[in-house]
Amino acid sequence: MLKALRRPMTDRRAERMLGASAVTVVLIIVAMIVFIAIAAWPSFQHNGLGWFGSGGDVDEQLGEMVNAGADPPPEAYHLRAWPLVYATALTTILAVGIGVVTAVLAAIFIVELAPPRVRAIVVPVVRLLAAVPSVVYGLLGILVIVPFINDNLIQEAQRESVAQVISLSGPGLLVSVILLTLMITPIMIALITDALSAVPRGWREGALALGVTRWRAVMSVSVRAIRPAIVAAAVLASARALGEAIMLSMVSGSKGFAPQPWDGLIFLFEPLRPLAATIAEQAEGIQAPALKASVYAMALVLLLSSLLLSVFGSIIRRSLRLGNAR
Amino acid sequence: MSTGLEPRRGRRERIVGELRLWRPLDVAGVAAAWIVGGLLCLVAASLVLYMGYRGLQYISFDLLISRPQPGADQSETGGILDPIIGTLLIIFLATAIAVPLAVGAALWIVEYARPRWLARTVESAIEVIAGAPSIAIAIFGLAIFQLPFMSWASFAAADGGGVFGRSFIAAGSVMSLIALPSIFTTTREALQAVPGHVREASYGLGKTRWATIRRVLIPSVRPNIATGTALGMGRVAGDTAIIVLLLGATLQLQAGTEIPAIGTLQGTGSTLTSYVYNNSPTGEGNAPEKAYAAAFVLMLLIIGLNLLVSAIGRRSSSSELPR
C-alpha cells in the first residue's frame with residue numbers, strides 16, 4: 001500500500017484525485033443548503049408566507065420559543081420576522097448605496113486623478129481598511145461612536161417622545177450604516193480599481209481627442225465600460241453586508257424593531273436587529289426545537305438571498321457586456 | 001485639454017486654467033473624488049492611530065503570556081494567552097484543510113475540467129461559498145457537528161444526551177470554507193496565466209500530465225498559492241461569527257476528552273475575535289481595556305499578513321489590490 005503511494009501517480013489516478021477535491025467542494029455546498037433547509041422546514045410549515053409578515057413583538061415570540069421547551073406545541077412556532085428582514089434590507093441597501101458612489105469616486109481618484117506619490121499611500125490604505133476585522137469596527141463603534149451619538153446628537157425631547165416604545169441610547173441605524181459602509185466600501189474599491197485600470201488607454205484617448213475634458217472622458221467612457229464590474233462589486237458587497245452578524249449585533253441596539261422613516265430624524269437613532277445578528281445572538285438557545293427551526297429559517301433566508309444576489313449579478317453582468325460588445 | 005500652443009507654464013497653473021473651462025458639475029465631480037480619497041486616508045489614519053494608542057496604553061508583556069481568568073473587574077481577568085493560541089490553532093487547522101482542497105480543485109478546473117457541466121458546477125459552488133454569509137456557514141457547521149456520529153469531533157454529554165458540537169476541530173474545518181475561495185481564485189488565475197507552451201515543453205520531454213503538474217505547474221504558481229493562503233488566513237483570523245457559534249467561547253482552552261493534544265482539539269476555547277466580542281460592553285465580560293489590547297494584537301496579526309501578501313506580490317509582481 002505504502003509502496004503504491006510512493007510510486008509516481010498514474011495520470012488517471014491523479015485526475016480522479018484532483019476531481020475528487022473539486023467534487024467535495026460541490027458536495028459541501030449542496031449539503032449546506034439541504035441541511036439548513038431541512039432544519040428550517042418546521043418554521044415555514046407552521047407560519048407559511050406569514051413568516052415574512054409583521055405582527056406582534058418578534059423578541060417576545062423568540063422568547064416564547066425558548067420557554068416552550070423540548071416538546072413545543074405547534075403555536076410555539078409562531079413567528080412574524082418582518083422587523084428583522086426589514087432591518088437587514090434597510091442596512092444593506094443604505095450601506096451599499098452610499099458605498100457604491102464612494103467606491104466609484106475613490107477608484108477614479110486612485111486610477112485617474114491621484115499623482116503617483118499620493119496613489120502609493122491610498123492603495124495600501126484601501127488594502128488595510130479591507131482587511132480590518134469586523135469585530136474591530138464593532139468595538140470602535142460601541143466604545144467610540146455610540147457614546148458620541150448618545151451624548152451629542154440625540155436630544156432629550158427626542159428620547160422622551162418615543163420612551164414608551166423604545167429607548168434611544170446611541171446604538172441604532174446610524175452607527176450600523178456608518179460601520180457597514182466603512183466595512184464594505186474598501187472591497188468595492190479594490191474590484192472597481194482593478195476594472196478601471198484595465199480599460200484600454202486608447203478608448204479614453206479617443207474621447208480626449210474628440211475634445212472632451214478629462215473628467216468627461218472618464219465618466220462617459222471608462223465608467224460606462226466598467227458597469228459590469230461595478231455591478232459585480234455591489235453584489236459582492238451586498239452579500240457581505242447581508243451576512244454581517246457580529247459587528248451589527250454589537251452596534252445595532254439589538255431590538256426587534258422596525259425603524260420608521262416618517263419618524264423624522266429619530267429614524268436614524270432607532271434600534272434594530274438584522275437577521276444575521278439575530279442568528280448569532282439566539283444560537284445559544286438552539287436546544288429548544290422551535291427556536292432551532294426559526295434560527296435555521298433565518299439562515300436559509302440569508303443563504304438564499306445571497307445566492308439570488310449572485311445569480312442576479314451574473315445575469316446583469318452578461319446583459320451589460322452584450323450591450324458593450326466587450 | 002490644452003492645445004499645446006500656449007507657452008509652457010507650471011503644472012498647477014495649467015490645471016487651474018483647464019478647470020476654468022470645465023462645467024461646474026464636472027469640477028464638483030473632481031472635487032468629490034479628491035475628498036473621498038482624502039477621507040479614506042483620514043479614516044484609516046484615525047483608525048490605526050486610535051487603535052495603536054489604545055492598544056499600547058493597555059497592552060503589556062504580562063498580558064500576552066498570562067491566561068485569562070474569570071473575574072468581575074478588569075484588573076482580575078488575566079491575560080490573552082489562550083485567545084492568541086486559539087487564533088493560531090484555528091488558522092493552522094483551517095489552512096491545513098483549505099489549501100489541498102482549493103489547490104486540487106483549481107488544478108482540476110484548469111488542467112482537466114471534464115465533464116464541462118461538472119467544471120461549471122464547481123466554479124459556481126465556489127462562488128456561492130465566497131458569497132455565503134459566514135453566519136449561515138457557521139450554523140450549517142453546528143448542524144453537521146451536532147449529528148450523533150460526529151461525536152469524535154467534540155464530545156457528547158456524559159448521560160448519553162446530545163453531542164455538544166463545538167470544538168477546535170469543528171470551528172477549524174468550517175473556517176476552511178472561509179479561506180477556500182481566495183486560495184482557489186489566486187491559484188486558478190496563476191495556472192491560467194502559465195503559457196501553454198510551457199506545458200507542451202514538459203510533455204515533449206516525455207513527462208506525464210501528473211509529472212508536469214507536480215514538477216512544472218505547482219512550482220511556478222507557488223507564490224500565488226502563498227498569496228491566496230495569506231489572504232485566506234487574514235479572513236480566518238478576522239471572522240467572528242463561526243468562532244462564536246462553533247468554538248464554545250470558553251475563556252481558557254478546555255480539553256474535550258482526556259486524550260492529550262487531541263483532547264484540546266476536541267475541546268473548546270476562544271480566539272482574539274471572540275475575546276474582543278465577549279469583552280466589549282455588549283458581551284458578558286465587559287472589560288474594554290482587555291478588548292482594546294486583544295484587538296490591537298489582532299490588528300498587528302492582520303497587518304503582518306498583509307505585509308506578507310505584498311512582499312510575495314512584489315517578488316512575483318502580481319496585481320496591486322486584493323480581491
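By convention in this document, chain letters (A, B, ...) are assigned in the order of the sequence lines, proteins followed by strands, and residues within each chain are numbered from 1.
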**Report entry** Gap separating the CE atom of Met298(A) from the CD1 atom of Ile135(B), nearest 0.5 angstrom
**Finding:** 11.0 Å
Report task. Decide yes or no for Met17(A) and Trp210(B): does some side-chain heavy atom of the first lie under 4.5 Å from some side-chain heavy atom of the second? Result -> yes
Requested in this report: List the atom of Met32(A), the atom of Ala132(B), and the distance in Å for their closest heavy-atom pair.
Outcome: CE-CB, 4.0 Å
**Report entry** Contacting region of Ile29(A) [heavy-atom separation from chain B under 4.5 Å]
**Finding:** side chain
Requested in this report: Return the option, out of Ala32(B), Ala237(B), Gly29(B), Ala113(B), with the maximum number of heavy-atom pairs under 4.5 Å with chain A.
Outcome: Gly29(B)
**Report entry** Per-residue contact mode, Ile36(A) against chain B (heavy atom under 4.5 angstrom)
**Finding:** side chain
Requested in this report: State, to 0.1 Å, how close Thr273(B) and Val135(A) come at their nearest heavy-atom pair, and which atoms those are.
Outcome: O-CG2, 3.8 Å
Query raised in the report: Looking at Gly238(B), Ala45(B), Gly104(B), Pro100(B), which makes the most heavy-atom pairs under 4.5 Å with chain A?
Result: Gly104(B)
Query raised in the report: Where does Leu275(A) contact chain B at under 4.5 Å (heavy atoms): side chain, backbone, both or neither?
Result: neither
Query raised in the report: Taking side chain as C-beta onward, heavy atoms only, is Glu111(B) less than 4.5 Å from Leu18(A)?
Result: no
Query raised in the report: What residue in Met219(A), Glu15(A), Met250(A) has the most heavy-atom pairs under 4.5 Å with chain B?
Result: Glu15(A)
Query raised in the report: For Ile213(B), is it the side chain, the backbone, both or neither that has a heavy atom under 4.5 Å from a heavy atom of chain A?
Result: side chain
**Report entry** Interchain contact, Ile302(B) with chain A, by part (heavy-atom threshold 4.5 Å)
**Finding:** side chain
Query raised in the report: Nearest heavy-atom pair of Ala239(A) and Gly131(B): which atoms, and what distance?
Result: CB-O, 3.5 Å
Report task. Mark yes when over 12 heavy atoms from residues, nucleotides or ligands other than Leu210(A) sit less than 6.0 Å from its CG; otherwise mark no. Result -> yes
Query raised in the report: Does any heavy atom of chain A fall under 4.5 Å from the side chain of Val48(B), the backbone, both, or neither of them?
Result: side chain
Query raised in the report: Would you call Leu142(B) and Tyr296(A) a side-chain contact if the rule is heavy atoms closer than 4.5 Å?
Result: yes
Requested in this report: Return yes when atom NZ of Lys292(A) has more than 12 non-hydrogen atoms of other residues, nucleotides or ligands closer than 6.0 Å, and no otherwise.
Outcome: no
Query raised in the report: Can you say whether Thr24(A) sits under 4.5 Å from chain B via the side chain, the backbone, both, or neither, judging by heavy atoms?
Result: side chain
Report task. Count the heavy atoms of every other residue, nucleotide or ligand shown that sit under 6.0 Å from OH of Tyr203(B), and state whether that count exceeds 12. Result -> yes
**Report entry** Distance (rounded to the nearest 0.5 Å) between Asn306(B) CG and Arg127(A) CZ
**Finding:** 6.5 Å
Requested in this report: Taking the side chain as every heavy atom from C-beta outward, state whether Leu47(B) and Tyr137(A) have any atom pair closer than 4.5 Å.
Outcome: yes
Query raised in the report: How close do Ala44(B) and Val125(A) get, heavy atom to heavy atom, and via which atoms?
Result: CB-CG1, 3.5 Å
Query raised in the report: Where on Arg235(B) is there a heavy atom nearer than 4.5 Å to chain A: the side chain, the backbone, both, or neither?
Result: side chain
Query raised in the report: Can you tell which of Tyr292(B), Phe296(B), Tyr50(B) has the highest number of heavy-atom pairs within less than 4.5 Å of chain A?
Result: Tyr292(B)
Query raised in the report: Is it the backbone or the side chain of Val30(B) that comes under 4.5 Å from a heavy atom of chain A, or both, or neither?
Result: both
Report summary line: Smallest heavy-atom separation, Trp108(B) atom then Ala22(A) atom, equals CE3-CB, 3.6 Å
Query raised in the report: What part of Val136(A) is in contact with chain B, defined as an atom under 4.5 angstrom from a non-hydrogen atom: side chain, backbone, both or neither?
Result: side chain
Query - Toward chain A, the part of Leu101(B) with a non-hydrogen atom under 4.5 Å - result: both
Query raised in the report: Does the side chain of Leu180(B) come within less than 4.5 Å of Val25(A)'s, by heavy atoms?
Result: yes
**Report entry** Part of Ile28(A) within contact of chain B (heavy atom distance under 4.5 Å)
**Finding:** both
Requested in this report: Check whether Leu147(B) gets within reach of chain A through its side chain, its backbone, both or neither, counting any heavy atom under 4.5 Å.
Outcome: side chain
Query - Side chain / backbone / both / neither for Ala280(A) at chain B, heavy atoms under 4.5 Å - result: both
Query - Residue part contacting chain B, namely of Leu140(A), when any heavy atom lies under 4.5 Å - result: side chain
Query - Test item: Glu244(A) and Ser134(B) side chains (from C-beta on) under 4.5 Å apart, heavy atoms - result: no
Requested in this report: Find the one option among Leu113(A), Val122(A), Leu242(A) whose heavy-atom pairs under 4.5 Å with chain B are most numerous.
Outcome: Leu113(A)
**Report entry** Atom group of Leu298(B) that falls short of 4.5 Å from chain A, counting heavy atoms
**Finding:** side chain
Query - Check: Ala105(B) main-chain N/O paired with Ser21(A) side-chain donor or acceptor under 3.5 Å - result: yes
Report task. Identify which part of Tyr112(B) has an atom lying under 4.5 Å from any heavy atom of chain A, answering side chain, backbone, both or neither. Result -> side chain
Query raised in the report: Contact part of Arg166(B) toward chain A, heavy-atom cut-off under 4.5 Å: side chain, backbone, both or neither?
Result: side chain
Query - Close side-chain approach of Pro281(B) and Leu143(A), heavy atoms under 4.5 Å - result: yes
Query - Best-contacting candidate, Arg114(B), Met299(B), Glu123(B), against chain A by heavy atom pairs under 4.5 angstrom - result: Met299(B)
Query - Student check: side-chain heavy atoms of Ile189(A) and Leu40(B) closer than 4.5 Å - result: yes
**Report entry** Exercise: identify the closest heavy-atom pair between Ala143(B) and Phe35(A)
**Finding:** CB-CD2, 4.1 Å
Report summary line: Counting heavy-atom pairs under 4.5 angstrom with chain A, the leader among Ile303(B), Asp239(B), Ile109(B), Ile144(B) is Ile144(B)
Query - Between Ser314(A), Ala31(A), Ala114(A), the one whose heavy-atom pairs under 4.5 Å with chain B are most numerous - result: Ala31(A)
Report task. Counting only heavy atoms closer than 4.5 Å, note whether Phe184(B) contacts chain A via side chain, backbone, both or neither. Result -> neither
Query - chain B interface, residue from Ala103(A), Ala131(A), Ala39(A) that has the most non-hydrogen pairs under 4.5 Å - result: Ala131(A)
Requested in this report: Look up atom CD1 in Ile108(A) and atom CH2 in Trp34(B), then write down how far apart they are to the nearest 0.5 Å.
Outcome: 13.5 Å
